[in-house]
Enquirer: 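Before I ask anything, here is the structure I am working with.
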Amino acid sequence: MMRRVTYSFGALALFTAALLPACAQISSQEQSTTPVIPPDARAEKNPGAWEKLQIPPLHPFHPGQPKRIELKNGMVILLEEDHELPFINGTLEIRGGSRSEPASKIGLIDLYSQAWRTSGTTTQNGDVLDDLLESKAAKVETGGDDNSTSVSWSCLKQDEDQVFHIAVDLLEHPAFNRQKLALAKQQDIAGIVRRNDDASGIASREAAKLVYGADSPYARQPEIATVMSVTLADLQAWHDKTVHPNNIVVAVSGDFDSAAMEKTLRDTFETMPRGPAWKDPDIPVPGPTPGVYVVNKQDVNQSNIWIVGVGTRRDNPDFYALAVMNEVFSGGFGSRLFQDVRTKLGLAYGVSGGYSAAYDHPGLFYTTAATKSESTVAATKEMLKDIDELRTEPFTEDEVRIAKDQLLNSFIFRYDTKEKVLSQAVTLEFYHYPPDFLERYRDALEKVTVADVERVAKKYIEPSKLAVLVVGNQTGFGNPPLTSLNLGPDHPIDITIPMPAAMRQQMMGGPDQ
């Protein structure tokens, strides 16, 4: 087991004080024996030496694939042995998430994922499980997002049998508790009431609404009324609807023998009856209606600016060229966007962008900046100019080469452990992508040319189809006004939080309801 060594500040000070004289002696000896060459002299002796460095090509990328097992009932199991540490981690990923919850019960999946774990099982309630797992430094958790729910566990190798049994018991025998659901509702409502406190949170939320539509499952938000409408019966109905073996991907990594683990999982899950196959809803992505949209937040002195449109999917053949284009545009300190908006003009504290790609629906194309109120219009104009220049300003060989190097050199660090590779394999399995997608990604990136980047920029970047969102204090925008962007009149966005009449009356000091 890896040991963590800690030092107190006092001990560290004593150690440093004892070490400094020796370091000083070594330093003085080096100074007396080693000639000091001024930087200019070094450059004169060997001009341009750094340009002659030969950087070897990257090694072939062939990540070890986890062992894949498909049971007769349709459950898929992925196993990745890793004997570096005596831990075992597992996840049961279940198809079906918040994009499938009823519009009248938005927030159902979040409440479900909270109350599922805190309620416990028919044999052990959640509080008992907390104490038991804490005594073993183990975890069993439940979660949910827009397309799935999950049960996960983590423990020492010697506790695997017991902790895995708890996870399975939670999967098969949940006992949704009224008090735990009420607590989850209170927590969610507290978050709803505070959701307009943070300007950047408002901006990202409203940007998604502009692209996907306010009522889209990819952008809609829970309200107090929808949260309060969720019942225990709703939680159990969701569980019964989704928890079937043919809708589950099981992934286990850690210090175990694959044959023994396979037998355990087969014995546990192979008798589960197959259920109806899960079908995700078909959700259109209309894209934004062009224009300028404003959230007037009067308690701030800066603006959050988002320029948004529709992105792409990862299975798009142009995904690789778009990734390189995006890196040139907004990939870091050397990107066009950062250099123009922040470095040269100093118009933003932070500026970023992305032509994002989801696995089974289009992501966002976004450009964002945070700037002082009076720079709002100038920063927006410069961002729009940089977007337009993706179509009109030729890409250079150096830009494309550097962008590809950055993507390829960072790529390996996303998959430099067995656990990361397994996590990606689960994602590919979940969305029915080929298992060699990672290898294809690298090969395809290396083949991207300047002509490819210019082609996709002209094909996908359409400034006339973008919307501009500004969250800030409108009185501080100064001159010229937002209308000088020539994108039409401002469209105010109302972010008032709908509140049930009884709650509003109580908050205003009326009689308790």
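Not measured: the values here are computed from a predicted model.
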Enquirer: Do the side chains of Thr149 and Trp116 get nearer than 4.5 Å, heavy atoms only?
Expert: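 Side chain of Trp116 against side chain of Thr149, heavy atoms only: contact under 4.5 Å found.
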Enquirer: Output, in order, the C-alpha distance, side-chain angles, deciding distance and verdict of side chain to side chain contact (heavy atoms under 4.5 Å, CB included) for Leu129 and Ile166.
Expert: CA-CA 8 Å; Leu129 290 179; Ile166 292 172; 3.8 Å; yes
Enquirer: Is it the case that atom CG in Asp215 sees more than 12 heavy atoms from other parts of the structure closer than 6.0 Å?
Expert: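 Atom CG in Asp215 is not packed in, count stays at 12 or less.
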Enquirer: Might you point out which heavy atoms bring Pro288 and Ala467 nearest each other, and give the distance in Å?
Expert: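 For Pro288 versus Ala467, the nearest heavy atoms are CB-CB, 3.6 Å.
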Enquirer: Going through the distances and angles, do Lys241 and Asp234 end up as a salt bridge (Lys or Arg N to Asp or Glu O under 4.0 Å)?
Expert: CA-CA 10 Å; Lys241 180 179 179 180; Asp234 293 326; over 6 Å; no
Enquirer: Any idea which heavy atoms bring Ala103 and Thr226 closest together, and the distance?
Expert: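 That closest heavy-atom pairing would be O-CG2, 4.0 Å.
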Enquirer: Using a 4.5 Å cut-off on heavy atoms from C-beta on, say whether the side chain of Leu210 contacts that of Glu206.
Expert: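 Result no, sub-4.5 Å side-chain heavy-atom pair not found.
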Enquirer: Taking C-beta and beyond as the side chain, do Ile189 and Met228 meet within less than 4.5 Å on heavy atoms?
Expert: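 Side chain of Ile189 against side chain of Met228, heavy atoms only: contact under 4.5 Å found.
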Enquirer: Just say parallel, tilted or perpendicular for the rings of Phe338 and Phe333, cut-offs at 30° and 60°.
Expert: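 Plane angle over 60°, so perpendicular.
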Enquirer: Salt bridge (Lys or Arg N to Asp or Glu O under 4.0 Å) for Lys447 and Asp452? Distances and angles first, verdict last.
Expert: CA-CA 9 Å; Lys447 295 175 182 176; Asp452 293 328; over 6 Å; no
Enquirer: How far apart are the closest heavy atoms of Gln406 and Ser410, and which atoms are they?
Expert: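 In terms of heavy atoms, the two residues are closest at O-OG, 2.9 Å.
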Enquirer: Given Ser98 and Asp146, is the side-chain hydrogen bond (donor to acceptor under 3.5 Å, both in side chains) satisfied, shown in steps?
Expert: CA-CA 4 Å; Ser98 62; Asp146 67 340; 5.7 Å; no
Enquirer: Measure from NZ or CZ of Arg95 to the centre of the six-membered ring of Phe430 and say whether it is under 6.0 Å with the direction within 45° of the ring axis.
Expert: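 That pair qualifies as a cation-pi contact.
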Enquirer: If you look at every heavy atom in Cys155 and Ala138, which pair is closest and at what distance?
Expert: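 Smallest heavy-atom distance, with atoms named: CB-CB, 3.8 Å.
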Enquirer: Does CD in Gln221 sit with more than 12 non-hydrogen atoms of other residues, nucleotides or ligands closer than 6.0 Å?
Expert: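 Above 12, so yes.
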Enquirer: May I have the step-by-step check of side chain to side chain contact (heavy atoms under 4.5 Å, CB included) for Val243 and Ile94, ending in yes or no?
Expert: CA-CA 7 Å; Val243 177; Ile94 307 162; 4.3 Å; yes
Enquirer: Can you measure from CG (Asp145) to OG (Ser150) and round to the nearest 0.5 angstrom?
Expert: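 These two atoms lie 7.5 Å from each other.
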Enquirer: Check Lys67, Glu160, Glu81 against Met261 for a side chain to side chain contact (heavy atoms under 4.5 Å, CB included) and give me the one that passes.
Expert: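 The residue from Lys67, Glu160, Glu81 that satisfies side chain to side chain contact (heavy atoms under 4.5 Å, CB included) with Met261 turns out to be Glu160.
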Enquirer: Return yes when atom NZ of Lys139 has more than 12 non-hydrogen atoms of other residues, nucleotides or ligands closer than 6.0 Å, and no otherwise.
Expert: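 Result for NZ/Lys139: open.
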Enquirer: For the side chain to side chain contact (heavy atoms under 4.5 Å, CB included) test, which of Ile307, Val308, Ile493, Ile305 pairs with Leu469?
Expert: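 Between Leu469 and the candidates, side chain to side chain contact (heavy atoms under 4.5 Å, CB included) is satisfied uniquely by Ile493.
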Enquirer: What's the spacing between Leu364 CG and Thr312 OG1 if we round to 0.5 Å?
Expert: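 One finds 12.0 Å between CG of Leu364 and OG1 of Thr312.
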Enquirer: What distance separates Thr122 OG1 from Leu170 CG, expressed to the nearest 0.5 Å?
Expert: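 Rounded to the nearest 0.5 Å, the OG1-CG separation comes to 10.0 Å.
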Enquirer: Do the charged groups of Arg117 and Asp130 touch, with an N to O distance under 4.0 Å?
Expert: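 Asp130 and Arg117: salt-bridged.
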Enquirer: How far apart are the closest heavy atoms of Lys420 and Asp416, and which atoms are they?
Expert: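 Residues Lys420 and Asp416, closest heavy atoms: NZ-OD1, 2.8 Å.
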Enquirer: Cation over ring, Arg314 on Tyr441, under 6.0 Å and within 45°?
Expert: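 No, Arg314 and Tyr441 do not form such a contact.
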Enquirer: Quick one: sort the His361 and Tyr212 rings into parallel, tilted or perpendicular, breaks at 30° and 60°.
Expert: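 Taking Tyr212 first and then His361, their aromatic rings stand perpendicular (interplane angle over 60°).
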Enquirer: Might you work through the side chain to side chain contact (heavy atoms under 4.5 Å, CB included) test for Trp278 and His244, ending with a clear yes or no?
Expert: CA-CA 9 Å; Trp278 180 262; His244 303 294; over 6 Å; no
Enquirer: Please test Asn326 against Ser330 for side-chain hydrogen bond (donor to acceptor under 3.5 Å, both in side chains), starting from the C-alpha separation and ending with a verdict.
Expert: CA-CA 6 Å; Asn326 181 63; Ser330 60; 3.2 Å; yes
Enquirer: To the closest 0.5 Å, what do you measure between CH2 (Trp153) and CD1 (Ile88)?
Expert: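 Here the interatomic distance stands at 9.5 Å.
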Enquirer: Of the options Tyr366, Tyr293, Phe365, which is the one that meets Trp306 in a ring-ring contact (aromatic ring centres under 6.0 Å, His included)?
Expert: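 Going through the options one by one, the only one that passes is Tyr366.
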Enquirer: How long is the gap from CG on Leu92 to CG on Asn247, to the nearest 0.5 Å?
Expert: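 One finds 12.5 Å between CG of Leu92 and CG of Asn247.
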Enquirer: Is the shortest heavy-atom distance from the side chain of Arg178 to the side chain of Leu232 under 4.5 Å?
Expert: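 In contact.
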Enquirer: Output yes when a side-chain donor or acceptor of Asn89 lies under 3.5 Å from a complementary backbone atom of Ser154, and no otherwise.
Expert: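 Looks like no, no N/O pair under 3.5 Å.
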Enquirer: Looking at Asp161, I want to see if its CG is surrounded by more than 12 non-hydrogen atoms of other residues, nucleotides or ligands under 6.0 Å.
Expert: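 No.
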Enquirer: Roughly how far, to the nearest 0.5 Å, is the CG atom of Asp110 from the CD atom of Glu101?
Expert: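 Answer rounded to 0.5 Å: 9.0 Å.
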Enquirer: Take atom NZ of Lys465 as the centre, draw a 6.0 Å sphere, and report whether it contains more than 12 heavy atoms from other residues, nucleotides or ligands.
Expert: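 No, NZ of Lys465 has 12 or fewer neighbouring heavy atoms, counting only those of other groups under 6.0 Å.
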Enquirer: Is the shortest heavy-atom distance from the side chain of Asp386 to the side chain of Thr367 under 4.5 Å?
Expert: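 No, their side chains stay 4.5 Å or more apart.
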Enquirer: Salt bridge (Lys or Arg N to Asp or Glu O under 4.0 Å), that's the test. Do Lys180 and Asp127 meet it? Break it down for me.
Expert: CA-CA 10 Å; Lys180 299 300 184 183; Asp127 296 333; 3.2 Å; yes
Enquirer: Please evaluate residues Val328 and Val453 with respect to the criterion side chain to side chain contact (heavy atoms under 4.5 Å, CB included), reporting the C-alpha separation (whole Å), side-chain torsions for both, the decisive distance (0.1 Å), and the verdict.
Expert: CA-CA 10 Å; Val328 173; Val453 178; 5.5 Å; no
Enquirer: Dump the intermediate steps for salt bridge (Lys or Arg N to Asp or Glu O under 4.0 Å) on Glu429 and Arg68, then the final yes or no.
Expert: CA-CA 10 Å; Glu429 180 72 43; Arg68 183 184 187 279; 2.9 Å; yes
Enquirer: Taking all non-hydrogen atoms of both residues into account, name the closest pair between Leu337 and Ser352 and its distance.
Expert: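 Closest approach of Leu337 to Ser352: CD2-O, 3.4 Å.
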Enquirer: Taking the side chain as everything from C-beta on, heavy atoms only, tell me whether Phe176 gets closer than 4.5 Å to Leu181.
Expert: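 They are not in side-chain contact.
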Enquirer: Quick one: are Tyr355 and Val456 in side-chain contact, heavy atoms under 4.5 Å?
Expert: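 Answer no - side chains too far apart.
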Enquirer: Do Ser253 and Glu419 pass the side-chain hydrogen bond (donor to acceptor under 3.5 Å, both in side chains) test, and can you show the C-alpha distance, the side-chain angles, and the key distance before you say yes or no?
Expert: CA-CA 6 Å; Ser253 66; Glu419 191 168 2; 4.6 Å; no
Enquirer: So does Tyr218 get a backbone contact from the side chain of Ser216, meaning a donor-acceptor N/O pair under 3.5 Å?
Expert: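 It does hold such a pair.
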Enquirer: Would you please classify the geometry between the His239 ring and the Tyr112 ring as parallel, tilted or perpendicular, with 30° and 60° separating the classes?
Expert: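 Geometry flag for His239 against Tyr112: tilted rings.
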Enquirer: Using a 6.0 Å cut-off, check whether atom CZ of Arg194 has over 12 heavy atoms from anything other than its own residue.
Expert: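 12 or below, so no.
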Enquirer: If the plane angle is over 60° it's perpendicular, under 30° parallel, otherwise tilted; pick one for Tyr431 and Tyr359.
Expert: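 Plane angle under 30°, so parallel.
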Enquirer: For residues Ile192 and Val227, determine if any side-chain heavy atom of one lies less than 4.5 Å from a side-chain heavy atom of the other.
Expert: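 Yes, side chains in contact.
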